[in-house]
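Let me begin by presenting the structure, written as structure tokens, before commenting on it.
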Protein chains: 2
Amino acid sequence: MVTGQGPASARARDRVAAAVAELGYVPDAAARALASRSGTRLAIAVIGHTAAVLDDPYVGRVLTTAAHIAAEREVGVSLHWLSLSAPVTLAGLADSRSLGGLVVVNPTRPALETVPRALRGRVAAIGVGARHVPSFDVDNRSGTDGVVRHLVNSGRRRIAMVTGPSWLPCGDRAVDAYHQVMQEIGGETRVVPGDFTAARGAMAAAELMARWPDTDAVFALSDLTALGVLDGLHALGVQVPANVAVAGFDDIAFACLSRPALTTSTHPVEEIAAAAATAVLDRCDADRATFFPSRLVVRESA
Amino acid sequence: MVTGQGPASARARDRVAAAVAELGYVPDAAARALASRSGTRLAIAVIGHTAAVLDDPYVGRVLTTAAHIAAEREVGVSLHWLSLSAPVTLAGLADSRSLGGLVVVNPTRPALETVPRALRGRVAAIGVGARHVPSFDVDNRSGTDGVVRHLVNSGRRRIAMVTGPSWLPCGDRAVDAYHQVMQEIGGETRVVPGDFTAARGAMAAAELMARWPDTDAVFALSDLTALGVLDGLHALGVQVPANVAVAGFDDIAFACLSRPALTTSTHPVEEIAAAAATAVLDRCDADRATFFPSRLVVRESA
DNA sequence: CTCACCCATGGAAGCGCTTCCACCGCAATA
DNA sequence: TATTGCGGTGGAAGCGCTTCCATGGGTGAG
């Protein structure tokens with residue numbers, strides 16, 4: 001055994017290490033996975049309609065973190081796009097044999113129900129509280145609450161919200177929080193469905209202003225979408241923040257580059273991703289959801 | 001052999017297929033890789049100082065394409081960050097046994113020289129012309145030429161350039177093209193090194209305006225950097241494009257979302273990535289560089 | 001000094017697949 | 001009808017590793 005696991009004298013261990021170094025020996029991962037019936041690879045699976053979800057800044061940060069951890073532990077990373085069009089199932093996930101752990105980003109509940117037995121205790125989710133799988137997410141509820149209250153505190157009352165995709169259950173808490181604040185101030189709720197893309201944000205802005213022309217603030221559950229809203233509002237000739245305030249969610253790198261700079265809520269994405277990756281790699285099968293705090297970042301747009 | 005490769009009667013083939021479908025049999029990739037001494041996995045290796053290179057929009061598009069192709073061919077994708085701090089070498093690339101092909105993004109020349117023998121004919125590069133490996137890149141020369149000439153045509157003469165990182169050889173052609181145009185119009189060359197990040201772009205803007213206050217246009221070899229330049233100029237109170245025109249390179253999704261919208265050059269990144277992935281997966285060992293055209297996109301910033 | 005016990009060591013088995021080869025039965029030819 | 005040839009088929013070997021077990025040498029206690 002080259003892993004250094006088994007019983008062996010210190011002298012023997014040293015001799016092996018020396019030989020390994022001299023010969024440049026690298027153990028064959030395929031053979032190892034085959035013999036030990038389990039590998040070490042860290043798999044990141046992202047669920048979405050198109051493979052373009054991998055181009056999302058949020059996903060980029062998750063991948064960056066995963067690559068970092070993988071480099072430290074000297075394990076590989078594999079990347080999977082799970083199409084939403086086909087029935088999403090983790091069951092047939094490529095090469096589950098050589099897999100050390102699986103992190104699913106933005107999972108649907110059905111997808112999480114089909115975790116292969118072989119992967120028990122080695123799967124974690126980023127983005128939803130699923131049963132039988134530890135999950136890690138930002139606290140959408142208090143995050144949303146913080147942003148919407150900031151809007152209220154700056155004098156806005158007719159606040160609209162652009163949500164995430166309907167298949168993503170983690171957005172529900174955010175919508176709840178929005179509803180709650182609106183109820184408190186006795187304001188009408190104005191919800192338009194989004195999908196976390198900028199293009200949808202621009203469309204949502206037009207939709208919103210057509211339906212409720214007196215809207216004075218828009219909160220989007222994704223910075224990408226908020227940037228799209230900014231763009232759509234600009235096309236409509238609406239001044240931000242003079243006429244309408246805009247706030248996003250995520251604090252992606254571009255949030256501070258837009259004009260006006262985007263007011264948003266910042267998330268510890270790296271921490272979340274690291275927690276998920278560490279959990280699966282360490283076979284921690286805690287069956288619960290962990291929420292990370294989100295913090296309001298006030299810039300120019302609201 | 002379950003691959004359907006070997007000789008077999010149509011009847012036998014059908015019976016096997018039926019059994020496979022009924023039992024839900026999935027061949028074990030590890031065992032297959034071990035026995036056949038070569039796998040099918042598509043590996044994407046990105047070179048950079050930090051793992052954050054994976055968060056770059058350009059890399060995101062490459063990953064999206066790779067995931068798409070992998071899904072079609074039913075092969076896996078693995079993701080690797082090759083640190084520039086450590087001597088970059090492909091030699092010890094994790095699990096080269098089960099690898100079908102390797103695409104290296106933004107490679108340095110030394111990194112490409114150490115391709116393991118086992119990978120001969122299964123490696124391609126995105127971003128540089130390297131010997132012994134087919135490489136795919138945008139035509140930096142004509143792309144740069146197009147952007148800089150557009151700047152000249154709009155009346156700018158004191159044009160500065162923010163380059164890419166010095167370790168990336170593919171930027172040389174771009175700098176050459178810039179020099180050539182400046183020489184033609186008899187203008188002074190003003191070059192500031194960049195690193196493809198927005199933060200560096202903002203710094204470069206300050207540096208540039210301090211050193212050459214009469215600069216009337218800035219061309220950055222990356223949209224991310226150009227967005228940073230926009231930000232830096234804004235902080236300096238410089239009007240864009242009234243006082244200084246800004247142009248980028250890449251046409252990332254955010255380019256049309258910035259205010260003013262970024263003039264840039266659009267690249268067929270998906271095509272490039274698909275060509276590279278297909279080349280390695282099909283074992284095409286053409287030893288040459290292919291350049292894809294870049295097309296000027298005029299927006300508001302220049 | 002002897003016995004019991006423990007641990008280090010080497011060897012064998014086998015993970016699930018591919019590759020190779022020997023075999024057998026068929027059809028075509030003499 | 002006997003012979004050659006070809007293609008389909010089943011079986012054996014082995015990919016490089018881990019896991020398990022039997023063996024043997026060492027140590028401590030009686």
Side-chain angles (χ1 to χ4, degrees), chain A residues 1-43 73-76 78 91-102 116-122 281-283, chain B residues 1-43 73-76 78 91-102 116-122 281-283:
Chain A
M1 188 177 330
V2 198
T3 53
Q5 301 273 355
S9 66
R11 205 173 49 85
R13 201 182 301 271
D14 288 349
R15 278 176 50 202
V16 170
V20 162
E22 188 179 352
L23 271 53
Y25 168 86
V26 176
D28 184 305
R32 182 171 276 184
L34 180 60
S36 66
R37 325 191 191 335
S38 82
T40 58
R41 226 180 54 232
L42 172 62
R73 300 194 175 211
E74 298 192 327
V75 304
S78 61
L93 198 70
D95 201 2
S96 55
R97 179 60 155 287
S98 66
L99 218 128
L102 170 67
R117 273 154 304 287
L119 252 37
R120 279 268 171 267
R122 294 193 276 160
L281 255 19
D282 293 343
R283 305 279 192 278
Chain B
M1 189 179 326
V2 198
T3 54
Q5 300 271 356
S9 65
R11 205 173 49 83
R13 202 183 301 270
D14 287 349
R15 280 176 50 203
V16 170
V20 163
E22 189 179 351
L23 270 54
Y25 167 85
V26 177
D28 184 303
R32 183 171 275 187
L34 181 59
S36 66
R37 324 190 189 349
S38 82
T40 59
R41 225 180 56 232
L42 173 61
R73 302 195 174 209
E74 298 191 326
V75 303
S78 60
L93 198 69
D95 201 2
S96 56
R97 178 59 153 287
S98 66
L99 217 129
L102 170 66
R117 271 155 306 287
L119 252 37
R120 278 270 171 266
R122 294 192 274 160
L281 253 20
D282 293 344
R283 306 277 192 281

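If you're wondering where the values come from, they're calculated on a predicted model, not measured in any experiment. Reminder, nothing fancy here: chain letters follow the sequence lines and each chain counts from 1.
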Among the nucleotides C/dG16, D/dT19, D/dC17, whichever has the atom closest to the side chain of A/S36 is D/dT19

Nucleotide nearest A/A35 (side chain, heavy atoms from C-beta), chosen from C/dC17, C/dT19, D/dG16: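 Nearest to the side chain of A/A35 among the choices is D/dG16.
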
Five-pair end axes of the helix from C/dC1-D/dG30 to C/dA22-D/dT9 and the angle they enclose, rounded to 10°: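 Its terminal axes enclose an angle near 40°.
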
Does the side chain of B/S78 come within less than 4.5 Å of A/R41's, by heavy atoms?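 When only atoms from C-beta onward are counted, B/S78 and A/R41 do not touch, as no gap falls below 4.5 Å.
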
Using every non-hydrogen atom in the two residues, find where [X] and [Y] come nearest and quote the distance to one decimal.
{"X": "A/R283", "Y": "A/G39", "result": "NH2-O, 4.1 Å"}
{"X": "A/S36", "Y": "A/R32", "result": "OG-O, 2.7 Å"}
{"X": "A/L281", "Y": "A/G100", "result": "CD1-C, 4.4 Å"}
{"X": "B/V75", "Y": "B/T40", "result": "CB-O, 3.5 Å"}
{"X": "A/S38", "Y": "A/R122", "result": "CB-NH1, 3.9 Å"}

Rounded to whole Å, how long is the line connecting atom CG of A/D28 with atom P of C/dG16?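 After rounding, the reported distance stands at 17 Å.
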
5' priority, DNA chain D, between A/R37 and A/L34 [closest heavy atom]: A/L34

